[in-house]
Amino acid sequence: MDCRQIEFSPEKSRTRIDKALLVFPHKSLMFILGYTLYLLGAKRKEAAALAGMPEESVKTALRRVFRDGFPALHDRRFSMTPSGRYAAERPRISVYRQGDDCIVDFGANGNTVRLPADHQVQVRTVVLSLLNAGVLTVPESASALGLTGTHCRELARKLVNGDVADALIDKLVGQKQDYRVGPEQKAEIIRQLAARAMAGHNTSSEILAEQVNEQTRSKLSARTIRWHIRNLGLTDIRKTLPPLVEALKKTPANRC
DNA sequence: AGGCGACTCCACCATGCCAA
DNA sequence: TTGGCATGGTGGAGTCGCCT
């Protein structure tokens with residue numbers, strides 16, 4: 001928006017600001033002015049100077065407003081609602097840990113919600129939703145969730161932008177691949193087990209470990225061989241493979 | 001706010017011990 | 001000889017704190 005053609009009157013500005021101060025807290029009003037100047041294209045530093053605010057405060061406030069919208073215009077360190085009414089007029093909601101539970105206390109009417117603290121997703125959903133609604137503070141929420149303020153804000157922001165599954169459910173997946181018994185070793189376990197079972201040779205895990213280690217230049221223990229035989233579903237192959245092969249031998253190849 | 005390194009946590013893997 | 005159980009190792013994502 002190009003406002004360079006507009007004429008500004010310092011006298012009218014003073015009168016109007018004095019009038020606005022009857023309704024708005026000084027700090028909120030100064031920030032609204034600075035925010036407006038910033039939106040109109042003023043440099044952040046100059047907008048901050050004109051509004052009489054430290055530049056760092058303006059940076060923080062702008063970040064808040066772009067994230068939270070209009071409710072972020074007021075200074076959250078003070079219990080003042082965006083409309084200018086003090087929060088004390090309505091029941092103060094708080095959250096805290098009590099033993100194994102997380103308690104959300106709805107204030108004067110005595111209503112509370114008790115959530116098992118180890119139900120992490122449930123607790124985070126409730127607390128962060130209340131934080132996003134502006135009824136809980138970040139330190140209070142972070143303390144109840146056992147997180148730092150920074151991380152708490154980050155999760156709250158994610159919950160605004162996405163559903164619970166995207167924002168709060170742990171996506172840790174752990175190790176996905178074997179690191180000693182790879183495809184080569186697994187193939188050799190199957191090959192040795194099947195061949196020895198068919199030939200009627202010893203198929204104990206000790207013998208198989210020896211053979212697999214020799215063929216693949218590995219150092220696997222017999223216990224590891226047993227663990228993988230079971231994991232691959234080969235436990236009964238010693239008994240079932242020979243009769244299957246005998247049955248197949250008696251069936252003409254073109255019928256298979 | 002964003003980048004980065006260190007640390008934590010999680011799921012899975014490897015293996016020793018030992019009872020059956 | 002097998003398989004249940006316990007324990008420690010591993011890779012990778014999440015989390016934290018510091019710095020810019």
K.L.:
When the distance from NZ of A:Lys186 to P of B:dA14 is rounded to whole Å, what number comes out?
P.N.:
8 Å

K.L.:
May I have the distance from A:His228 (atom NE2) to B:dC13 (atom C1'), rounded to whole angstrom?
P.N.:
7 Å

K.L.:
Among the candidates C:dG3, C:dT2, B:dA14, find the nucleotide nearest to the side-chain atoms of A:Arg238.
P.N.:
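Looking only at heavy atoms from C-beta outward on A:Arg238, the closest nucleotide is C:dT2.
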
K.L.:
Mind calculating the distance between NZ (A:Lys219) and P (B:dT15) to the nearest angstrom?
P.N.:
11 Å

K.L.:
Suppose we screen for salt bridge (charged side-chain N to carboxylate O under 4.0 Å, His left out). Which residues come up paired with A:Lys250, at least two apart in sequence or across chains?
P.N.:
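Residues passing salt bridge (charged side-chain N to carboxylate O under 4.0 Å, His left out) with A:Lys250: none at all.
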
K.L.:
Side chains of residues 205-213 of chain A: which donor-acceptor partners sit under 3.5 Å, not counting sequence neighbours?
P.N.:
from: A:Ser205; atom 1: OG; to: A:Arg226; atom 2: NH1; distance (Å): 3.0
from: A:Asn213; atom 1: OD1; to: A:Lys219; atom 2: N; distance (Å): 3.4
from: A:Asn213; atom 1: OD1; to: A:Leu220; atom 2: N; distance (Å): 2.7
from: A:Asn213; atom 1: ND2; to: A:Ala209; atom 2: O; distance (Å): 3.1
from: A:Asn213; atom 1: ND2; to: A:Leu220; atom 2: O; distance (Å): 3.0

K.L.:
Any side-chain donor paired with an acceptor under 3.5 Å for A:Gln185 and A:Ser218?
P.N.:
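Result is yes, a qualifying pair exists.
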
K.L.:
Could you tell me if the side chain of A:Val104 sits less than 4.5 Å from the side chain of A:Thr112, heavy atoms only?
P.N.:
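No, too far: nothing below the 4.5 Å cut-off.
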
K.L.:
Within the structure, does a side-chain N or O atom of A:Ser204 lie under 4.0 Å from either OP1 or OP2 of C:dT1?
P.N.:
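For C:dT1, OP1/OP2 do have a side-chain N/O of A:Ser204 under 4.0 Å.
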
K.L.:
Tell me every residue that passes side-chain contact (heavy atoms from CB on, under 4.5 Å) with A:Lys239, counting only those two or more places apart in sequence or in another chain.
P.N.:
none

K.L.:
Donor-acceptor pair, A:Arg196 side chain versus A:His201 backbone, under 3.5 Å?
P.N.:
no

K.L.:
For A:Arg230, what residues pass the side-chain contact (heavy atoms from CB on, under 4.5 Å) criterion, not counting sequence neighbours?
P.N.:
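Only A:Thr235 meet the side-chain contact (heavy atoms from CB on, under 4.5 Å) criterion with A:Arg230.
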
K.L.:
So does A:Cys102 get a backbone contact from the side chain of A:Arg114, meaning a donor-acceptor N/O pair under 3.5 Å?
P.N.:
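Here the side-chain-to-backbone pair does not exist.
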
K.L.:
Within this structure, what is the CG-to-P distance between A:Leu232 and C:dG3, rounded to whole angstrom?
P.N.:
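So the two atoms are 13 Å apart, to the nearest Å.
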
K.L.:
At under 4.0 Å between heavy atoms, what does A:Asn231 touch on the DNA or RNA strands: base, sugar-phosphate, or nothing?
P.N.:
nothing

K.L.:
For A:Leu220 and B:dT15, give me the distance from atom CG to atom P, rounded to whole Å.
P.N.:
6 Å

K.L.:
Could you pull out the protein-nucleic contacts involving nucleotides 4-7 of chain C (nitrogen or oxygen on both sides, under 3.5 Å)?
P.N.:
from: C:dG4; atom 1: OP2; to: A:Arg230; atom 2: NE; distance (Å): 3.4
from: C:dG4; atom 1: N7; to: A:Arg223; atom 2: NH2; distance (Å): 3.1
from: C:dG4; atom 1: O6; to: A:Arg223; atom 2: NE; distance (Å): 2.7
from: C:dG4; atom 1: O6; to: A:Arg223; atom 2: NH2; distance (Å): 3.3
from: C:dC5; atom 1: N4; to: A:Arg223; atom 2: NH2; distance (Å): 3.3

K.L.:
Which whole-number value in Å describes the distance from A:Gln185 CD to B:dA14 P?
P.N.:
10 Å

K.L.:
Kindly state which residues belonging to residues 207-217 of chain A come within less than 4.0 angstrom of DNA chain C, counting heavy atoms of the residue only, listed by number.
P.N.:
none

K.L.:
Kindly indicate whether the side chain of A:Val126, heavy atoms from C-beta on, has any atom under 4.5 Å from the side chain of A:Val113.
P.N.:
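Not touching, per the 4.5 Å side-chain cut-off.
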
K.L.:
Should A:Thr224 be listed as having a side-chain N or O under 4.0 Å from OP1 or OP2 of B:dA14?
P.N.:
no

